[in-house]
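Everything on this sheet refers to the single structure shown next.
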Amino acid sequence: MTDLPETMFAVTQTHDGYSGEATGPVIEDASDWLAEAELPLPQAGPGQVLIRMRMASVNPSDLHFIKGEYGQPRVKGAPAGFEGCGEVVAAGQGAEGLMGQRVAFVAAGSGAWAEYVVTQAQMCIPLRPDISDEDGAAQIVNPLTAMAMVDIARSDGDAFVLSAATSQLGKLMCSLGRDLGLKPIALVRRAEAVEPLKELGAEAVLVTTDADVIDQFAAISKNLKPRVFLDAVSDQLSEQIFAAMPNKARWVSYGKLSAEPPRLTQMGQFIFMGKRIEGFWLTQWMMSTPPADQMRVVAEVQARFADGRWKTDVSTHLPLREVVSGLADATKKTDGKIMITP
Ligand SMILES: NC(=O)c1ccc[n+]([C@@H]2O[C@H](COP(=O)([O-])OP(=O)(O)OC[C@H]3O[C@@H](n4cnc5c(N)ncnc54)[C@H](OP(=O)(O)O)[C@@H]3O)[C@@H](O)[C@H]2O)c1
């Protein structure tokens, strides 16, 4: 403990609780939501570890969270950021086994956008040496969600639909789907994304800005009969896609990238076609999946990153001290993750 400082630099939340709004994971100026602070070094309690952050990723959930529209309330003055990787530099009672290890973590005590982070030992995954910090800092939230949701898709046939397929999670699901012999039908909003996604494993790629996209989808749906729609956009076009899906289709909303609220137009389909709308949240999956099953999924995730079947695309490396001034600009590049460095 002697080489640890008494204080640390952190990017903290400037609001408490929920905003009551849903304006989407878009920010114009990070200083509307975040501030710089020098905070006392957090202490690891029983079952917890103190991690020296090496890299932290910026996910849409982080932006929803600082804006007060995520599934848990903000705490004013606490560091922001859910996910990253770093070295365990102190361990509370019962967590000594992680001391000195490089781990991927989800922050559950103090946020990841800080020089040091406290979290539960259970929220840490020791990283193999052949995993880069970039992959390590994006090792939990999207990869586990991809594994869990493709599992939902394969329980219901071989074709499935996914929206925002250019997202990191969308790309993970396309290639995983292909590797499992499934047929991902990808929705994107940029025509230049079509070929790269086909190369990654999509059976078909539709551009949502095409005027006849619903007709194109209806033709593919009739042929491939997808029964699961993994949807991160959740807007009116999503509703139209769902309405064009066959009997017993499931619309699994797991993200709200669009601020547009959808309107249901085909209530009869719930009655006569057995269709359903549901949600997916990784936090819920972690609470309901037995630890042994989670360990198997974690091992498969690391194997996929280590042998190159999966990789994390990075758009920007953003130093912690430039987050408040530079985050909004960095989010304009959507072709990869923003990685925060100490
Ligand atoms: N429920 C859960 O447990 C869970 C877990 C992990 C992630 N998620 C959700 O999964 C989604 C993807 O996360 P990620 O980290 O993979 O994202 P990401 O890599 O940051 O990518 C976001 C992508 O969304 C696209 N996008 C943004 N706004 C859009 C809109 N209004 N309509 C259509 N596409 C839009 C962008 O596409 P362009 O290339 O066209 O700009 C961008 O590629 C997010 O909604 C996130 O909240 C949910």
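Ligands are counted one by one from 1 in listed order, and the atoms in each one are counted from 1 as well. In this chain, residues are counted from 1 in sequence order.
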At a 4.0 Å threshold, what atoms of ligand 1 neighbour a non-hydrogen atom of [X]?
{"X": "Thr145", "result": "5 (C), 6 (C)"}
{"X": "Gly255", "result": "45 (O)"}
{"X": "Ser258", "result": "31 (N)"}
{"X": "Gln168", "result": "16 (O), 18 (P), 19 (O)"}
{"X": "Ala232", "result": "11 (C), 45 (O)"}
{"X": "Asn59", "result": "15 (O)"}
{"X": "Phe280", "result": "1 (N), 2 (C), 3 (O)"}
{"X": "Thr334", "result": "38 (P), 39 (O), 41 (O), 43 (O)"}

So which protein heavy atom does [atom] come closest to, and at what separation?
{"atom": "atom 28 (N) of ligand 1", "result": "Arg189 NH1, 3.6 Å"}
{"atom": "atom 43 (O) of ligand 1", "result": "Thr166 OG1, 3.1 Å"}
{"atom": "atom 31 (N) of ligand 1", "result": "Leu257 O, 3.6 Å"}
{"atom": "atom 47 (O) of ligand 1", "result": "Pro60 CB, 3.7 Å"}
{"atom": "atom 23 (C) of ligand 1", "result": "Ser167 CB, 3.6 Å"}

- Taking the six-membered ring where the residue is Trp, are the ring centres of Phe82 and Tyr70 under 6.0 Å apart?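 Yes, the ring centres sit under 6.0 Å apart.
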
Please check whether [X] reaches ligand 1 - meaning an N/O of the residue sits under 3.5 Å from an N/O of the ligand, judged on distance alone.
{"X": "Leu169", "answer": "yes"}
{"X": "Tyr254", "answer": "yes"}
{"X": "Trp281", "answer": "no"}
{"X": "Leu282", "answer": "yes"}

- Are the side chains of Val58 and Lys337 in touch, meaning some heavy atoms are under 4.5 Å apart?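 They are not in contact (no side-chain heavy atoms under 4.5 Å apart), so the answer is no.
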
- Message: A side-chain contact here means heavy atoms from C-beta on lying under 4.5 Å apart; do Thr7 and Leu39 qualify?
- Response: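 With C-beta onward as the side chain, the pair stays apart.
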
- Take atom CD of Glu21 as the centre, draw a 6.0 Å sphere, and report whether it contains more than 12 heavy atoms from other residues, nucleotides or ligands.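 Counting neighbours around CD of Glu21, 12 or fewer heavy atoms of other residues, nucleotides or ligands fall under 6.0 Å, so no.
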
- Item | Distance-only donor-acceptor check, side chains Thr289 and Gln294, under 3.5 Å |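 Short answer, no.
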
- Closest approach of Asp62 and Ser57, non-hydrogen atoms and distance?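 Closest pair (atom of Asp62, atom of Ser57, distance): OD2-O, 3.5 Å.
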
- Arg54 and Glu87: salt bridge (charged side-chain N to carboxylate O under 4.0 Å, His left out), yes or no, with the steps? CA-CA 7 Å; Arg54 292 172 66 95; Glu87 272 114 19; 2.5 Å; yes

- Other than Leu224, what residues sit in its cluster of Ile, Leu, Val, Met, Phe, Trp and Tyr side chains whose heavy atoms are under 4.5 Å apart, directly or through others?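 Joined to Leu224, directly or through intermediates: Val161, Ile185, Leu187, Leu206, Val213, Ile214, Phe217, Ile220, Phe229, Leu237, Ile241, Phe242, Met245, Trp251, Leu264, Met267, Phe270, Ile277.
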
- Task: Test the Arg321-Phe9 pair against the cation-pi criterion, namely NZ or CZ under 6.0 angstrom from the six-membered ring centroid and within 45° of the ring axis.
- Result: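 Yes, Arg321 lies over the aromatic ring of Phe9.
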
- Task: Pick out which of Thr166, Leu182, Leu169, Leu162 makes a side chain to side chain contact (heavy atoms under 4.5 Å, CB included) with Cys174.
- Result: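 Filter result, single survivor: Leu162.
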
- Item | Heavy-atom nearest neighbour of atom 7 (C) of ligand 1 within options Asn142, Leu187, Ile140 |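 Checking each option, the heavy atom nearest atom 7 (C) of ligand 1 is found in Asn142.
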
- Task: Would you tell me which option among Arg190, Lys337, Glu83 has the nearest heavy-atom contact to atom 38 (P) of ligand 1?
- Result: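 Comparing heavy atoms across Arg190, Lys337, Glu83, the nearest one to atom 38 (P) of ligand 1 lies in Arg190.
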
- Worked check of side-chain hydrogen bond (donor to acceptor under 3.5 Å, both in side chains) between Asp231 and Ser163: CA-CA 5 Å; Asp231 185 19; Ser163 61; 2.6 Å; yes

